[in-house]
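Since the structure comes first, as structure tokens, the remarks are kept for the end.
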Amino acid sequence: MSSHDEKHVERVVRLAKFIAKKEGADLDVVLTAARLHDLVRDCKNHAIESAERAREILKEMGREKEFIEAVVHAIESHSFSSGIEPRTLEAKVISDADKLDAIGAIGVARAFLYSGERGRGIEETLKHFEEKLLKLKDLLYTETARNLAEERHEFLRLFYEQIKKELHQLETEENTESNVSDDKHY
Ligand code: NI
């Protein structure tokens with residue numbers, strides 16, 4: 001659980017709070033959703049299951065229906081695997097905050113932690129960069145998040161290009177070596 005641990009939740013809370021203030025979103029809804037957004041992991045649809053779990057908790061706490069529905073929507077729509085588009089500003093803030101924590105140096109670290117947890121290697125992790133991480137900056141909703149994403153995306157892209165270069169460099173050296181030994185036959 002190290003790539004989706006309580007430290008991830010703390011970072012998402014911090015990012016969501018910053019974005020919510022800048023964008024004028026409801027802080028109570030945003031902070032509650034950020035704290036509860038990853039309640040359930042390792043299931044078919046963690047966003048929807050976390051949203052359901054959050055609904056139960058908030059009901060038990062006696063929160064009003066309107067507030068609960070706002071939080072539930074922000075949680076169920078934070079991951080595009082749920083197929084639910086964020087309709088409210090608060091939901092957009094949660095989606096953006098969670099995506100920001102998947103890019104930059106933290107994104108690199110989390111991607112490899114996640115791969116390690118599942119026994120995946122470097123090449124497979126880089127496929128995840130291509131298919132998902134490098135596209136995240138184009139899936140942000142708020143201007144504040146897009147500004148925060150610039151430096152993070154740039155670092156992600158540089159890391160990706162550098163590691164690709166190093167991987168190919170080794171292949172080229174192997175080829176050169178075999179070329180050299182081939183030369184000896186002449
Ligand atoms: Ni998350």
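This is a predicted model, so every value here is computed, not measured. For ligands, and for the atoms within them, numbers begin at 1 and follow the listed sequence.
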Q: Please name all residues satisfying side-chain hydrogen bond (donor to acceptor under 3.5 Å, both in side chains) with Arg87, sequence neighbours left out, ordered by chain then number.
A: His73

Q.
As an exercise, state the distance from CG of Leu136 to CG of Asp101, rounded to the nearest 0.5 Å.
A. 11.0 Å

Q: Say whether Ser79 and Ser81, considering side chains only, have a donor N or O and an acceptor N or O under 3.5 Å apart.
A: yes

(Q) Measuring from atom NZ of Lys127 to atom CG of Leu133, what distance do you get when rounded to the nearest 0.5 angstrom? (A) 14.0 Å

Q | Exceeds 12 heavy-atom contacts within 6.0 angstrom, atom CD of Glu130 | A | yes

Q) At distances under 2.8 Å, what protein N, O or S atoms surround the Ni ion (ligand 1)? A) His8 NE2, His37 NE2, Asp38 OD2, Asp98 OD1

Q.
Other residues, nucleotides and ligands only: do more than 12 of their heavy atoms fall within 6.0 Å of CG on Leu139?
A. yes

